[in-house]
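Notes for the one structure printed next.
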Amino acid sequence: MNIFIDESGGFQPNPTDAFSISCIGAVVVAGRILADVERGFNLLSAQWPKDSDGEVKGRLLDEHHIAQLCEFLMPFNVLFHPCVMDMNLCSVEDVNAHRSGQAEGMTINLTDAHHPDVVAAVWKLREILERMPRQLYAQAVAMTEAVCEVFELGQLYFCQRWPGELARFRWVVDAKNREKITEYEYWWKEAVMPLIQSRSLREPMKMLKGGDYSAYRRHFPEGPLGEHLGIPQEKGVNLKLIFRELEFAESSTSIGLQIADILTNALRRALSGRLGREGWSGLADLTIHQREGAIVLKNLGRPSGFTARPYGRVLCEINAGGRSLLVARKRTR
């Protein structure tokens, strides 16, 4: 299973507008059809507008292009899962408090029993976090949420359709710097696994009764997780194995990242009132329908409803659609 992740928006408040939408988008492409998707995308986009480097960019496309892409991806079982934030719904104090709580949580369980190298590494991550700009911290939170959710949804979806896809997870994140990994990327790559590991023990991943997890269990067996997590000894899947194929890549070299860029940018433009219905209506067909909605607005401050917001109608309409998570069972006579 290939998961391509990109962002759209600056994850900063906009005091001159009623809202400030930023998005993380995760696109899931099964390994067995990745080459077909890449070839088809190249043919589909051959005459589309491109930037000065010859790369397809979502900001350059209109409603017709995006509708074509959604229609093309639908038969391939490609999934799109976004995480959306309206940064005008949380204050500077909200972000600072959230970041401080996260930083404190990183070191609260360290003791003299931990190896000095482990203590030094964790404190280094905390220090990076504490000086991280607020907009990058908000983006890190959104990306972690998107990863947690798409990891679970991807398994629930493919355990019924192509269970062999659960034998391998390849994570490709759009790089911010062509020359080197940034401090923010280093922090996220090092911190995301233990954060998600601890969360998975507090909130175990949903698994479908009757789903085929044989490939998953064969490649990712449960075992002792160790005391380094700061929790009592537990058994579970070591997520280091799940994230061992995590890379930051240039979108110019990745069709998957280009698709993620187009879909994520389209969603942000739709919620910001800058994309017509023809362009965003097909996004719903790539999401998985869920009771709470395929797109749930995240907030670093106090919970806030979105239906009265300017983008509420678009969000509600997208959430009303979506493909079924469950495979329809054939009736027997």
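The structure presented is a predicted model; accordingly, all values stated were derived computationally and were not measured.
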Evaluation steps, side-chain contact (heavy atoms from CB on, under 4.5 Å), between Leu246 and Phe169: CA-CA 9 Å; Leu246 170 63; Phe169 295 86; over 6 Å; no

Any side-chain heavy-atom pair of Leu89 and Leu297 under 4.5 Å: yes

Exam field: side chain Glu7 to backbone Thr264, donor-acceptor pair closer than 3.5 Å: no

Short side-chain to backbone donor-acceptor contact, Gln12 and Gln135, under 3.5 Å: no

Whether Tyr213 and Tyr216 hold their rings parallel, tilted or perpendicular, with breakpoints at 30° and 60°: perpendicular

Within 6.0 angstrom of Glu292 CD, more than 12 heavy atoms from elsewhere: yes

Sub-4.5 Å side-chain heavy-atom contact between Leu43 and Phe72: no

Set of residues satisfying salt bridge (Lys or Arg N to Asp or Glu O under 4.0 Å) with respect to Lys57, sequence neighbours excluded: Glu55

Minimal non-hydrogen separation, Lys50 against Gln47, with atom names: NZ-N, 4.4 Å

Phe41 side chain near Trp48 side chain, heavy-atom distance below 4.5 Å: yes

CD (Glu130) with more than 12 external heavy atoms under 6.0 Å: yes

Non-hydrogen side-chain atoms of Leu325 and Gln290 separated by less than 4.5 Å: no

Worked verdict on Leu73 versus Ile259 for side-chain contact (heavy atoms from CB on, under 4.5 Å): CA-CA 10 Å; Leu73 295 175; Ile259 293 172; 3.7 Å; yes

Spacing of CG belonging to Asn319 relative to CZ belonging to Arg291, to within rounding of 0.5 Å: 14.5 Å

Distance-only side-chain donor-acceptor flag, Asn96 / Arg99, under 3.5 Å: yes

Under 3.5 Å: donor-acceptor pair, side chain of Asn2, backbone of Val29: yes

In one Ile/Leu/Val/Met/Phe/Trp/Tyr side-chain cluster, 4.5 Å: Trp280, Leu60: no

Least distance between heavy atoms, Trp171 atom then Ile242 atom: NE1-O, 3.1 Å

Aromatic ring pairing Phe248/Trp188, orientation class (parallel under 30°, perpendicular over 60°, tilted between): perpendicular

Side-chain touch Tyr157/Asn77, heavy atoms, less than 4.5 angstrom: yes

Within-4.5 Å side-chain heavy-atom neighbours: Val28 and Glu165: no

Closest non-hydrogen atom pair, Phe4 against Ala260: O-CB, 3.9 Å

From OG1 (Thr107) to NE2 (His114), nearest 0.5 Å: 11.0 Å

Test item: Ser251 side-chain N/O and Leu257 main-chain N/O as donor-acceptor pair under 3.5 Å: no

Separation of Met1 CE from Gln155 CD (nearest 0.5 Å): 6.5 Å

Trace of the side-chain contact (heavy atoms from CB on, under 4.5 Å) decision for Ile24 with Glu145: CA-CA 9 Å; Ile24 296 289; Glu145 287 292 319; over 6 Å; no

Salt bridge (Lys or Arg N to Asp or Glu O under 4.0 Å): pairs with one or both residues in residues 263-283, sequence neighbours excluded: Arg277-Glu317

Test applied, side-chain contact (heavy atoms from CB on, under 4.5 Å); reference residue, Leu69; option that passes from Val56, Leu263, Leu61: Leu263

Ion pair check, Glu104 and Arg126, cut-off under 4.0 Å: yes

Considering all heavy atoms, the nearest Gly58-Asp261 contact: N-OD2, 2.7 Å

Contact summary for Val78 and Val27, nearest pair of heavy atoms: CG1-CG1, 3.7 Å

Lys180, NZ atom: more than 12 neighbouring heavy atoms under 6.0 Å: no

Distance, nearest 0.5 Å, that separates CG of Leu239 from CE of Met205: 9.0 Å

Distance in Å, Arg199 CZ paired with Cys148 SG, rounded so as to fall on 0.5 Å steps: 4.0 Å

Pairwise distance CG(Leu129) to CD(Gln102) - rounded to 0.5 angstrom: 6.5 Å

Heavy-atom donor-acceptor pair, Asp94 side chain to Ala97 backbone, under 3.5 Å: no

Ion pair check, Arg131 and Glu127, cut-off under 4.0 Å: no

Glu190: salt bridge (Lys or Arg N to Asp or Glu O under 4.0 Å) partners, not counting sequence neighbours: none

Asn88 side-chain N/O to Asn14 backbone N/O, donor-acceptor pair under 3.5 Å: yes

Closest contact, heavy atoms only, Pro49 versus His65: CD-CE1, 3.7 Å

Val141 side chain near Lys298 side chain, heavy-atom distance below 4.5 Å: no

Step-by-step side-chain contact (heavy atoms from CB on, under 4.5 Å) determination, Leu166 to Cys159: CA-CA 7 Å; Leu166 306 188; Cys159 76; 3.9 Å; yes

Sidechain-backbone polar pair: His289 side chain, Gly321 backbone, donor-acceptor under 3.5 Å: yes

Any Ile5 side-chain heavy atom under 4.5 Å of Val150 side chain: no

